[in-house]
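Working notes for the structure below.
So that the names make sense, note that chain A is the first sequence line, chain B the second, and so on, each numbered from 1.
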Amino acid sequence: MSGNYNLTEGALQNIMRGGDPTDPIVQVLGTKKIQNSSEKEKERYRLLLSDGKFTISFAMISLQPGERCIPNFSVIVLKQYITSVVNNASKTEQRILLVLEFEILHSGETVGKKLGTPTQLTDADSKPSSSSNGTLTAKTNGNAPSTYKPNSSSNVSVSDGVSIAGQLAHPISSLSPYHNKWVIKVRVGNKSAIRTWSNSKGEGKLFSCDFIDESGEIRCTAFRDLVDKFYEMLQIDKVYYVSKCQLKPANKQFNTVKNEYEMTMTNETVIQECLDADPNIPQTKYDFTPIDKLAHIEVGTLIDVIGVCKNSSELVTFQAKTTGRELKKREVTLIDQTRSAIALTLWGNDAESFDGTNNPVVVIKSAKLGEFGGGKNLSTIASSQMRINPELQECYRIRGWYDSEGVNIDATNISARSEMGNFNTPWMCFKDVQDQSLGNAEKGDYYQVMGTILLMRSENCIYKACPSEKCNKKIVDLETGMYRCEKCGTEYPSFKYRLLASMNVGDWSGNQWVSMFSNEAEKVLGLTAQEVGEQVDNQSQTMASIVDKANFKQFVLKCRAKMETYNDEARLKTVVVRVDPINYEEYNAHLIERIQALMSA
DNA sequence: CCCCCCCC
């Protein structure tokens, strides 16, 4: 008897007839691994299950690689399952039970034997009884049932133009290249833009989309004329019946959708919208990474991110250096509850259509993590999916946080550049620089030094520059009230002042001539370039008296040193890329380290 | 059958 273990007698027959009992308790009598052709994420097992009255062998379960299958005689409860009709080798239809979630109630060891005397469920036993021929259910357990009204014919063909809507759907997880008679009922979670290609094998266009159902997800790609046929029809978030696509092993290099297969539309492919959209079919699943964590994740990783648009740039158009293609981008700064911000670069359509007014919540599925100048950034790629203010729990939460708090905070920007990854700039003294013959690296050598300004030159320290934002080129005063920039080839009615300072900096070991541009020179002088220019112009100060105040000030200087040949003479050119006040704690730590190194030498 | 994803 199965008595003590409370097997749900008759449950398997009920399920195979399309019924939907809650938490049925069954016993595992045997397991067999299903051989598969490709390396894959999940391992599939065929199960022999008993409910104490009947046994079925058409049950399947997917497990993580290496996960041990359920031991024989275990008593388990089926928390989530789905049934599906598949074609077997003899081309007849067979209903199978897919176990999606279970719990072991009693270990196989404890039970130790087959419970009761179950008999094999026959085909006749599993056919729906005449009283239940109206509606079949195929669903996960526990939620409101999703019902499907089967077609009048129980053996529906999908190849002859007959409607495929309303059929009992197969789960995505049951699809494989080995049978092609299936219909899936899926939501479109993502749809790419139409892309064209041209290479030695030919040219064409394509788009791809990701289908989702309760059992999993799969990518589907359409080429050439099938793009025209299906691109407009398939819309993100809508539900469709899909059949007759070709399956092949997924190319994991480019496809991050969690399925060992991907599929391609063919001329036989039939897609029909499902109008009584089923809320149980899931939406795109997100696995959001908080922004502060992105600082420590490997570059190149695909990331799901949610953030409030703190600000966004204008649309920028430029030519790609390598391909010559015209590119469009827009920079967006995202901020989240970790009080961190990151730059997100949108490309193409995403960039064009983006509107940052009113600080929308931005959700990106599969953004690519990048790095620039020591800071991290995110970038959309072809398979990224952006949503603005989506109806998600996380979206409401971050909206509330931003409106009440985030709007006012000064976030840590993990995209902040430090010219060269600030963190690892080695401390040196000028004698080290000399001894180590620095400056031969392609991009120059970087170091930081605690230095004293010994002499700042007043000659040619300030100049009138092109007023356009990016251009700092010296401008020609046409003496007509207009100024001409040779670089931009434009005449402007105004100019801006810029500093280009040359100074001799010393430390305990030596000295070095260095140059610095406006941003750094302003910190040294304690005046903006504009203020310097005006004071000299209105003669309230001379340039000499302004630079004199800089002498003998001390700073931490981050320097880039590079050997350059000048009139056949090699000399070390040093640019101060960053000026900071002295952080004594950090500088002392460096000195202590240096002393200890000397003592142990 | 694509699979480049760009720039500072």
Nearest of [options] to any side-chain atom of [X]?
X	options	value
A/Arg224	B/dC6, B/dC5, B/dC1	B/dC1
A/Glu262	B/dC6, B/dC2, B/dC4	B/dC2
A/Lys248	B/dC3, B/dC6, B/dC1	B/dC1
A/Asn377	B/dC3, B/dC4, B/dC8	B/dC8
A/Ala320	B/dC6, B/dC5, B/dC3	B/dC6
A/Phe372	B/dC6, B/dC1, B/dC8	B/dC8
A/Arg325	B/dC8, B/dC2, B/dC6	B/dC6
A/Thr264	B/dC1, B/dC5, B/dC6	B/dC1
A/Asn251	B/dC3, B/dC2, B/dC5	B/dC3

Without decimals, in angstroms, what is the distance between [X] [atom1] and [N] [atom2]?
X	N	atom1	atom2	value
A/Ile194	B/dC2	CD1	C1'	14 Å
A/Lys201	B/dC3	NZ	C1'	11 Å
A/Gln319	B/dC6	CD	P	17 Å
A/Ile381	B/dC3	CD1	P	13 Å
A/Glu352	B/dC5	CD	P	20 Å
A/Gln246	B/dC2	CD	P	14 Å
A/Leu378	B/dC6	CG	P	12 Å
A/Asp350	B/dC6	CG	P	14 Å

Mind checking A/Lys328 for me? I need base, sugar-phosphate or nothing, with any heavy atom below 4.0 Å counting as a touch.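 No contact at all - A/Lys328 keeps every heavy atom at 4.0 Å or more from the nucleic acid.
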So A/Glu326, base contact, sugar-phosphate only, or nothing? Heavy-atom distance under 4.0 Å.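 It contacts nothing in the nucleic acid.
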Centre-to-centre under 6.0 Å for A/His590 and A/Trp427, is that the case here?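 Ring centroids of A/His590 and A/Trp427 are less than 6.0 Å from each other.
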Can you confirm whether the side chains of [X] and [Y] place a donor and an acceptor under 3.5 Å from each other?
X	Y	result
A/Ser243	A/Trp182	no
A/Thr528	A/Glu522	no
A/Thr333	A/Asn311	yes

Answer yes or no as to whether B/dC1 has its base stacked against A/Phe223, where stacking requires a ring-centre separation under 5.5 angstrom and planes under 30 degrees apart.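 Whether judged by distance or by angle, A/Phe223 passes, so it stacks on the base of B/dC1.
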Atom CD of A/Glu331 with >12 non-hydrogen neighbours under 6.0 angstrom: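 Atom CD in A/Glu331 is packed in, count exceeds 12.
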